[in-house]
Number of protein chains: 2
Amino acid sequence: MSRTGLRERKKLRMRQALIDAALDLFLAQGYEQTTVEQIADAVEISPRTLFRYFSGKEDLALSHTSELEEELTAALAERPPQEPPFAALANAFRVALRQLGQSSPENVERHLKTRRLMETTPALMGRAITRMARMETRLAALVAARQGVDPGTDQRPHIVVALVVSAARIGMECPSDEVGDMGELVARVESAFALIEDALRPGWDVAPPRAAGAVS
Amino acid sequence: MSRTGLRERKKLRMRQALIDAALDLFLAQGYEQTTVEQIADAVEISPRTLFRYFSGKEDLALSHTSELEEELTAALAERPPQEPPFAALANAFRVALRQLGQSSPENVERHLKTRRLMETTPALMGRAITRMARMETRLAALVAARQGVDPGTDQRPHIVVALVVSAARIGMECPSDEVGDMGELVARVESAFALIEDALRPGWDVAPPRAAGAVS
DNA sequence: AATCTAGTGTCACACTATGACAAATGACAA
DNA sequence: TTGTCATTTGTCATAGTGTGACACTAGATT
């Protein structure tokens with residue numbers, strides 16, 4: 001049945017094993033205190049081989065953030081075209097978070113570990129925010145395509161995306177206390193969405209700006 | 001007259017010389033193609049000494065972004081307390097940008113070089129965005145203090161800051177074309193501010209949220 | 001002038017990351 | 001099963017960033 005050969009399965013198991021070993025070591029000893037050599041030793045491979053699976057320590061620590069990004073992109077593509085951009089993005093976020101929450105318990109655990117790690121490691125939080133910024137640009141291009149405008153000259157798609165991503169980021173950042181479970185995290189994101197939605201003028205993202213520069 | 005000794009003046013000149021040498025080398029050969037050794041050689045010091053002036057290459061390349069941050073923080077402190085948070089932040093940004101534009105021509109040039117460099121170096125853009133995120137947290141604390149709320153539990157200050165900083169970031173990012181002069185940059189930031197201001201419900205940041213979670 | 005102190009250079013080292021090449025191992029056909 | 005091929009892995013070597021230790025120089029202080 002399984003179309004995947006032994007090789008690919010082995011590769012995937014190695015990836016997971018590396019991520020698990022890395023996350024546990026990072027959380028136990030701290031991110032910068034842990035060397036790639038220790039991680040490689042933990043799964044019995046050479047450091048050189050580790051770099052063939054992951055581009056580096058950072059990639060290893062944040063590999064699960066790209067999963068959220070993939071879910072989000074997929075969810076956005078599923079949103080009906082007539083849905084206003086802000087609502088489409090916010091709903092895509094909701095769907096993506098729900099998807100992650102419904103994956104295997106070990107996977108959810110890995111996400112929570114990743115977030116706990118980020119919370120205590122400024123360098124990693126920085127890299128995660130950098131990734132979010134890159135995602136923002138990609139999402140802006142998607143939103144621009146939805147609306148049929150040019151993302152190069154029109155700042156509006158980027159603005160809409162920035163609003164939603166900012167809310168999500170603020171919601172996911174843990175103020176002082178620890179990340180308990182996925183539900184708590186989703187609740188905070190929802191509350192941030194609500195705050196921003198409340199600040200916005202209804203229908204602002206469907207009609208053109210009130211005082212657009214070139215009406216002539 | 002000058003209260004500063006020879007030592008401090010020398011130190012400042014060395015800092016500037018290092019930044020200038022670094023920016024020019026980065027722009028000429030690319031950021032990652034340039035080694036700290038080359039920069040150190042250019043100003044006739046040992047690499048070890050360079051690390052006593054700057055924490056690393058990144059610090060060297062982005063040292064001028066902290067200047068904007070300092071101006072901004074200072075400008076925000078100057079805004080009248082009764083000014084609504086969004087307006088206070090946006091105006092502080094305007095003042096800070098004007099301040100930078102009015103500094104010495106060489107300094108303006110350094111800022112533009114820094115931005116050109118960032119535009120062509122993803123890694124640096126990432127670090128810059130990371131710095132912005134840190135600044136966002138600090139600004140949120142300031143805004144929370146202005147309004148007398150707790151930045152730990154209340155997400156609203158963070159949201160306001162995120163809106164303004166997002167607009168500024170989107171405005172400063174150059175879509176494909178090169179950074180010409182300071183005026184062009186300010187104009188794009190203004191246009192992004194206008195877009196976000198247009199999207200917002202007037203007075204949203206002075207009154208409490210319309211449907212705060214617990215009305216029971 | 002003698003002394004103190006901050007800054008500097010030299011040497012050494014740990015760690016991340018990458019390239020080159022040989023060895024091992026799964027995939028696949030005869 | 002066995003031999004061949006492609007992929008993966010380990011070993012060795014190297015570049016580059018970043019730090020610690022320690023002696024030395026030069027400005028600062030009295």
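As a basis for the values below, the full set of heavy atoms in this structure was taken, side chains included, without hydrogen atoms, waters or symmetry mates. This is a predicted model, so every value here is computed, not measured.
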> Do other residues, nucleotides or ligands put more than 12 heavy atoms under 6.0 Å from the CZ atom of B:R169?
Replying inline: yes
Could you state the atom-to-atom distance from [atom1] of [X] to [atom2] of [N] in whole Å?
X: A:D59; N: C:dT16; atom1: CG; atom2: P; answer: 14 Å
X: B:L12; N: C:dG7; atom1: CG; atom2: C1'; answer: 14 Å
X: B:L25; N: D:dG16; atom1: CG; atom2: C1'; answer: 16 Å
X: B:Q33; N: D:dT17; atom1: CD; atom2: C1'; answer: 15 Å
X: A:L60; N: C:dT16; atom1: CG; atom2: P; answer: 11 Å
X: B:E44; N: C:dT8; atom1: CD; atom2: P; answer: 14 Å
X: B:L50; N: C:dG9; atom1: CG; atom2: P; answer: 10 Å
X: B:I39; N: D:dG16; atom1: CD1; atom2: P; answer: 12 Å

Please produce a list of atom pairs where a protein N or O lies less than 3.5 Å from an N or O of nucleotides 23-27 of chain D.
none

> Heavy atoms, side chains only, cut-off 4.5 Å: are B:H158 and B:T137 in contact?
Replying inline: yes
>> Closest-nucleotide mapping onto DNA chain C: is A:T34 or B:Y53 further toward the 5' terminus? I mean the 5' end.
In response: B:Y53
>> Using the ring-ring contact (aromatic ring centres under 6.0 Å, His included) criterion, which residues pair with A:F86? Sequence neighbours excluded.
In response: none
> What residues form a ring-ring contact (aromatic ring centres under 6.0 Å, His included) with A:Y31, not counting sequence neighbours?
Replying inline: A:F26
>> Please classify the nucleic acid contact of B:T35 as base, sugar-phosphate, or nothing, using heavy-atom distances under 4.0 Å.
In response: sugar-phosphate
> Of all residues at least two apart in sequence or in a different chain, which pass the salt bridge (charged side-chain N to carboxylate O under 4.0 Å, His left out) check with A:K57?
Replying inline: none
>> Going by salt bridge (charged side-chain N to carboxylate O under 4.0 Å, His left out), name the residues that satisfy it together with B:E190, two or more places apart in sequence or in a different chain.
In response: B:R94
> Would A:E109 and A:K113 satisfy salt bridge (Lys or Arg N to Asp or Glu O under 4.0 Å), going step by step from the backbone distance to the final call?
Replying inline: CA-CA 6 Å; A:E109 192 51 39; A:K113 277 182 183 174; 5.3 Å; no
>> When both hydrogen-bonding distances must be under 3.5 Å and the geometry is Watson-Crick or G-U wobble, what is D:dG27 paired with, if anything?
In response: C:dC4
>> Can you give me the closest heavy-atom contact between A:V149 and A:P157, atom names plus distance?
In response: CG2-CG, 3.7 Å
>> Do the side chains of B:E69 and B:R134 get close enough for a salt bridge, i.e. N-O under 4.0 angstrom?
In response: no
>> Does D:dT9 have OP1 or OP2 under 4.0 Å away from a side-chain N or O of A:T49?
In response: no
What does the list of N/O pairs under 3.5 Å between the protein and nucleotides 17-21 of chain C look like, with a distance for each?
from	atom 1	to	atom 2	distance (Å)
C:dA17	OP2	A:K57	N	3.2
C:dG19	N7	A:R48	NE	3.4
C:dG19	N7	A:R48	NH2	3.0
C:dG19	O6	A:R48	NE	2.9

